[in-house]
Undergrad: 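Okay, handing you the structure first.
Every value quoted in this text rests on a predicted model; they were computed, and no experiment measured them. Remember, it's 1-based here, ligands and their atoms both numbered in the order they're listed.
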Amino acid sequence: MLYSEKVMDHFRNPRNVGEIADADGIGEVGNAKCGDIMRMYIKVKDNIITDVKFMTFGCGSAIATSSIATEMIKGRSIDEALDLSNQAVVEALGGLPAHKIHCSVLAEEAVKAAVKDYYDKNGIKYDCDKYAAGSCPCVHEHDSLN
Ligand code: FES
């Protein structure tokens, strides 16, 4: 089968879908090639992500990866969220076909963009090294290839 049961489950019943009106951080990322867009909302208290929601306009894998990414960072610290890699997302989903790996990259980028927004809003300095090469939102804004 092309997709694991876990992918199908998160695609059919995505967790944490929606918006957070008073979000502490919002990250929006897109992939210019496929046109998919992902928006991630986080609430943060004492450095812990207390709530997270997402809106994804894109393929089934993009929905599944963003759904599981919200589960993986909810209740975790900001640092743990920044450590979330797209590989971890793929593993948690029981794998993705090679041509769908970029969808998981979008999920990682969306989480990081939301954290960056939180940092920016609160004047917190962040370390660009925390962002995977090419996925740091600062780079992202100037990188039309992404
Ligand atoms: Fe581009 Fe899935 S096809 S994010």
Undergrad: Quick check: do Arg15 and Asp9 have side-chain heavy atoms less than 4.5 Å from each other?
TA: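 SC-SC contact between Arg15 and Asp9 confirmed.
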Undergrad: Got a sec: is Cys59 within less than 2.8 Å of atom 1 (Fe) of ligand 1 via an N/O/S atom?
TA: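 Looking at Cys59, which is the residue asked about, there is no N, O or S atom under 2.8 Å from atom 1 (Fe) of ligand 1.
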Undergrad: Which of the atoms in ligand 1, numbered in the order shown and given with their element, are less than 4.0 Å from a heavy-atom of Cys103?
TA: 2 (Fe), 3 (S), 4 (S)
Undergrad: Only heavy atoms of Cys34, strictly under 4.0 Å: list the atoms of ligand 1 that pass.
TA: 1 (Fe), 3 (S), 4 (S)
Undergrad: Which ligand 1 atoms, with their elements, are less than 4.0 angstrom from a heavy-atom of His102?
TA: 1 (Fe), 2 (Fe), 3 (S), 4 (S)
Undergrad: Of the protein's non-hydrogen atoms, which lies at the shortest distance from atom 4 (S) of ligand 1, and what is that distance?
TA: Asp36 OD2, 3.0 Å
Undergrad: So does Lys33 get a backbone contact from the side chain of Asn31, meaning a donor-acceptor N/O pair under 3.5 Å?
TA: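 Present.
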Undergrad: Can you check whether Thr65's main-chain N or O pairs, donor with acceptor, with Ser104's side chain at less than 3.5 Å?
TA: no
Undergrad: Do Met38 and Glu109 come within less than 4.5 Å of each other through their side chains, counting heavy atoms only?
TA: no
Undergrad: Any side-chain heavy atom of Lys43 within less than 4.5 Å of one from Asp22?
TA: yes
Undergrad: What do you reckon, does Lys100 put a non-hydrogen atom under 4.0 Å from ligand 1?
TA: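 A heavy atom of Lys100 does come that close to ligand 1.
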